[in-house]
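The sequence lines fix the lettering, A, B, ..., with proteins before strands; numbering per chain opens at 1.
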Amino acid sequence: MNRYEPLKIEQKWQEKWEKESPFRALDGAKAPKKFLAEMFPYPSGAGLHVGHVRNFTIVDILARFYAQKGFNVLRPFGYDTFGLPAENYAIKTGVSPQSATKINVENFRKQLKRLGYYIDWDREINTSNPEYYRWTQWCFLQLYKKGLAYQKESYQWWCPVDQTVLANEQVENGHCWRCGAEVEKKKMKQWFFKITEYADELLEEIDSLDWPDKIKTMQKNWIGKSTGAEIEFELAPDSQETSDSSTKTAITVFTTRPDTIFGATFLVLAPEHPLVPLLATENTRPAVEKYCADSLKKSEIERQENKEKTGVFTGSYAINPATGEKIPIWVADYILSGYGTGAIMAVPAGDERDREFAEKFNLEIREIEKTPEKPFGKEKTTYRMRDWLISRQRYWGCPIPIAYDKSRNPHPIPEDQLPVLIPEVSDYKPDNTGRSALAKATDWLKVKIPVVDEKTGETHLEEMTRETDTLDGYACSSWYLWRYASPNCSEFAWDPEKIAYWEPLDIYCGADHAVAHLLYIRFWAKFFADEGKLPFREPVKTLLYNGYINAPDGKKMSKSKGNVIDPLDVINSGYGADTLRTYEMFIGPYDLDAAWNPRSVGGVHRFLSRVYALAFDKQTPENALKNSGKTDKAPEEIPQNAPLRAKTIKRVTEDIERYSFNTAVSALMEFVNDLYKSGASAEDIIILAKLLKPFAPHLASEILEAYHSDDSWPVCDESLLESDLVQIIVQVNGKLRGKLSLPAEFLENEEEVKKLALEDKNVQKFVKTTPKKTIFVKKAKLLNFVV
RNA sequence: GCCCGAGUGGCGGAAUUGGUAUACGCGUUCGACUUAAAAUCGAAUGAGGAAACUCAUAUGGGUUCAAGUCCCAUCUCGGGCACCA
C-alpha cells in the first residue's frame, strides 16, 4: 500500500524550489506579462494566520495558473514592517524594533516557504530597510516640492499623563485608553499630503475600475463630493456691541440648496469657527466660551453619538440677503468645522436638523414661499475627504526628511543626503514634549543644510534641527507596488523601463484598506504620472477583495478568545500545505466570509489522498504510461474519458478565470470520482495533475515528475464536448415529464423531436389533447408542451 | 436614518445568459473489507407518499410557455456611511 505522505513530498519540492528558484520573473521577456500581488502583510510576532493563507493562496493560484499558461509572471512579496506593535514591544521589553522586525520577517519567510508559494524571492521588499525608505523620503520630497506636502496647525487628542498624541480610536469617553486620564485637544503643527487636490479625478475614475462595487461605493462616499454655493451673510450693523471696525463683517456659509434662502431664519456656526469669539457680546460671552470649550473637549464620537441638539446664541445678527431681514447667529456642535465653511444658513422648513434645532430653541420656522430667480452666492464644490495627515509622533517609522532653521521654517533634506536614517536609541518612549523617541538622539537632531543667501546668491551651510515626526505607514505602502518592478535599483525609486514593462499591476488581492491604502496608491499614481514619472494614472487594474476566515462558531478569531487556528499547526498535524491551500479555496466563494470547519479540511485531505492513490497506488506510473500508449503504441484503453477530460479542463480553466476557486475544486473532485469508476489512464492522471497544480503544487509536481510530464496548462478540445447522443428534456407546462436520448442531429429537427416526445408514455399522461403551443429551445435541449 | 449585498437540505455551498433546483464537500444511514476498530471502498440521503405524484430556493403578489434567477411589496441577516448643510 502506497500512502499519501504530504509532509515528505512537500519537503522534497520545497527544497528543490529553494535550490532552483524557478519562480523568477524575467524583466522584458517576450511572453505576455502578468503582474500579481497581495496586499503585503505586517509581519507580526504571531506569524501567519489562516486569513493570510486565504489571501496569498488566491494570488498564488492565479500566478501558477498564468505561469502554466505561458505568461511571464511576476509575483513578488514584501513586508510592511513599520508600525506601532514593534514600537510598543520595544518600549515594553527594550528589544529594538529593528531586531524584532528582523526576526519576524525571517519567521514569515520560513512560513511562506512551507506553503509552497510561487514567489520571486529576488524581489523581496521591506519598508523599514534604509534602501527602501530612502525612496519613501524621496517621494515625500517630490510632493513637498509641488506644495502637496505641507504643514498646518490642527487639533489633536493629547493625553497629559502619557504625554502623547492619541488617535481618535484611542480616546474612550474622553479618557485615554491606556491611563484613563481626561484627554485634551491640543493644537499642533502637523504635516499633510494634499490628496484633496486630486479629489475630482479620484472620484471620476472610480467607475472605470475593475474593482468590487463595494469598494468603489466606499471610496465615492469617502470623497463625498457635493455641489452647491457659498453665500455671504453681512452682519447686521448694530449687532456687535464690541464695535471694532477691523472686524470682518460677513459670514460665508455653504449650502447645497441656495434656492431655499427665503426660508433661512438663522445662521449656525461650528464651535471652532474663528469668528465665534468676535460675535459673542458682553452678555453672551461667558455662555459662548463655555459652550465652545466643552465642545472641544468632547470627542468626535461623543459629538456624533449624542444627537440631541445643543447650542448657544452669540448675541449677534446677520442680514438675510434675500429678505433683508435680521436673523440671529447661533453656535452649535452639529455644525462641523472641517466641512464647507464651518457655517450654515439654517432652513428649518426644509432641513430636518435645522427644524429640530429651531423647535428646541424657539426659532422661527418659515415656509419657503418663493425661490430666487438668480441663484445667490457663487457656485462651490466641497468634499468630505480631508487632506491626509501624515505626521506621527513615533519612533518606528520613516523619518520625515525635513529640518528646521532657527525661525522654525522647514527646509527639505537634500536628495543626495537621503536616506535620513533612523537613529539608534536606548529608550523608545516618546519624550515629554509630544515628540517621538527620535528627539532623544541629540547628535542626530543636528544637521547642516545648504542655504542660498538671498542677497549674495551664495550657498552656505546652516545648522538646523531635524523633524522628529515620522511618516504614516500608509506613505510607505503607497508606492511599493512600483518598487517591485526594480526592487534593487539604487539610482531611482523605480526603473522607468521596468515600470513600462510590468506595470500597472494586473491583479491585486487583499481583505482590508478599502478607502485608506487603496485611495492613497491611486493618489500617488496620479501625482507621479503628472510628474512624468509613471506611464499610468491608475495603479491597479483588477482588485479582488477576499473575505475573512472566522472561527468554527462564525465569530472572529482572536487571541483573547483562544479560537485562533494556526496554519502551521494544520500543516504539521499531517495534512500538509496542499490540503490547507485547497481547503481554503474550497471553503466558499473567495469574496465572502467563511467559517473554519475542521471536518471539511479532512474532506479535502481525503480528496488529495484519492488523487495520490489514483497516480501511485491503484497502478504504478510505469504501467499506466505503458497502457496508455505513452511508451508504446497501444491505444488508450478508456475512450470515454476523453470527453470527461475536456469537460474538466473547460470547467477548471473558466472557474479560475472568473475567480470561482471553490467550484474549480468541485470540478476536480467530480473528475476524480469519475476516474474511480472508469479507471484512469496516464493521460487522465497527467491532465488531473496539471489542473490541480495551482491548488496543490507539491502533490501535482510529484505526479507530473513520475509521469514524465511538463505542467503546461491543457487546452480543451471543444469537439470532444459534443457527444453523439444528446439528452432532450421534455416538459409539460414547464414541468419535467420525460427525457429523450437522441442522436445530436435531432436538435435540428423540431418536428421529429415533438413526435418522439408525444410517444413517451409519461408525457402522454399529461398531454391528453393537442398542445396549444410547443416551445423548443435548441440551446437548452428542451421541449415544452403547453396544454 | 441612508446606501449596498445576501437569504437555497441537518451544515458549508452549486446552478456562468430566465430552461432538468439541491453539483461538490461535511454529517448521517446501510453494506464490503476486518477478530474488532480506524482507514479505505461501494450505496443511499430536500420533505410528504406504498407508488403515481405533490410540495419545496425568507414571505406575499406579479411578468413569462418556463422564475432560485426578472419586477413590486414585506421580513430577517451582513456590510458601509452616518448631524457632511
In whole Å, what is the span from the [atom1] atom of [X] to the [atom2] atom of [N]?
X	N	atom1	atom2	answer
A:I223	B:rA82	CD1	P	14 Å
A:L518	B:rG80	CG	C1'	15 Å
A:Y545	B:rG80	OH	C1'	10 Å
A:K735	B:rU64	NZ	P	18 Å
A:I215	B:rC81	CD1	P	11 Å
A:L736	B:rA52	CG	P	13 Å
A:K380	B:rA85	NZ	P	14 Å
A:K778	B:rA66	NZ	C1'	20 Å

Would one find a side-chain N or O of A:Y339 under 4.0 angstrom from OP1 or OP2 of B:rA85?
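Result: yes.
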
For A:K765 and B:rC53, is the shortest distance between a side-chain N/O and OP1 or OP2 below 4.0 Å?
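Yes.
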
From the options B:rC24, B:rU20, B:rC53, select the nucleotide whose nearest atom is closest to the side chain of A:E670.
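Given the options B:rC24, B:rU20, B:rC53, the side chain of A:E670 is closest to B:rC24.
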
Nearest to the side chain of A:M218 - B:rC53, B:rU20, B:rG80?
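It is B:rG80.
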
Does the distance from a Lys or Arg side-chain N to an Asp or Glu carboxylate O, for A:K754 and A:E759, drop under 4.0 Å?
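A:E759 and A:K754: not salt-bridged.
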
Could you check whether A:E654 pairs with A:K650 (Lys NZ or Arg NE/NH1/NH2 to Asp/Glu carboxylate O, under 4.0 Å)?
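Looking at A:E654 and A:K650, the cut-off is met.
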
Taking atom [atom1] in both [N] and [M], compute the distance separating them and give it to the nearest angstrom.
N	M	atom1	answer
B:rG13	B:rU17	C1'	22 Å
B:rG1	B:rA82	C1'	8 Å
B:rC55	B:rA21	C1'	14 Å
B:rG62	B:rU69	C1'	15 Å
B:rU74	B:rC83	C1'	30 Å
B:rU76	B:rA23	C1'	28 Å

[X] and [Y] aromatic centres sub-6.0 Å:
X	Y	answer
A:W388	A:Y520	yes
A:H605	A:Y4	yes
A:Y291	A:W330	no

Between [Y] and [X], is there a cation-pi geometry (under 6.0 Å to ring centre, at most 45° from the normal)?
X	Y	result
A:R737	A:F766	yes
A:K309	A:Y334	yes
A:K225	A:Y383	no

Fit a plane to each ring of A:H517 and A:H513, take the angle between them on a 0 to 90° scale, and name the class: parallel (under 30°), tilted (30 to 60°) or perpendicular (over 60°).
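Rings of A:H517 and A:H513: perpendicular, as their planes differ by over 60°.
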
Name the orientation class of the two ring planes belonging to A:Y612 and A:F616 (parallel below 30°, tilted from 30 to 60°, perpendicular beyond 60°).
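Aromatic pair A:Y612/A:F616 classed tilted.
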
In 5'-to-3' order, the base (B), backbone-only (S) or no-contact (-) status of each nucleotide in nucleotides 3-19 of chain B, using a 4.0 angstrom heavy-atom cut-off, is ---------BSSSBB-B

Give the B/S/- string for nucleotides 36-44 of chain B, one per nucleotide from 5' to 3', where a protein heavy atom under 4.0 Å of the base yields B, of only the sugar-phosphate yields S, and otherwise -.
----SSS--

When you match A:F785 and A:R257 each to their closest nucleotide on RNA chain B, which lands nearer the 5' end?
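On the 5' side of the pair lies A:F785.
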
Would you mind telling me which residue lines up with the more 5' stretch of RNA chain B, A:I344 or A:R737, judged by nearest nucleotide?
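Looking at the nearest nucleotide for each, A:R737 comes out on the 5' side.
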
Any base atoms under 4.0 Å from [X], or only sugar-phosphate, or nothing? Heavy atoms, all strands.
X	result
A:S226	sugar-phosphate
A:E356	nothing
A:D591	nothing
A:R384	base

For RNA chain B, stems built from three or more consecutive Watson-Crick or G-U wobble pairs below 3.5 Å:
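Correct response: B:1-7 with B:75-81, B:10-12 with B:24-26, B:27-32 with B:40-45, B:46-48 with B:53-55, B:58-62 with B:70-74.
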
Where is the tightest heavy-atom contact between A:W211 and A:L518, given as atom of each residue plus distance?
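What the structure gives for the nearest pair is CH2-O, 3.7 Å.
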
Do A:K220 and A:D207 come within less than 4.5 Å of each other through their side chains, counting heavy atoms only?
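Yes, their side chains come closer than 4.5 Å.
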
Which residue, A:V312, A:I335, A:V276, A:V331, forms the side chain to side chain contact (heavy atoms under 4.5 Å, CB included) with A:P271?
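Looking at A:V312, A:I335, A:V276, A:V331, the match for A:P271 under the side chain to side chain contact (heavy atoms under 4.5 Å, CB included) is A:V331.
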
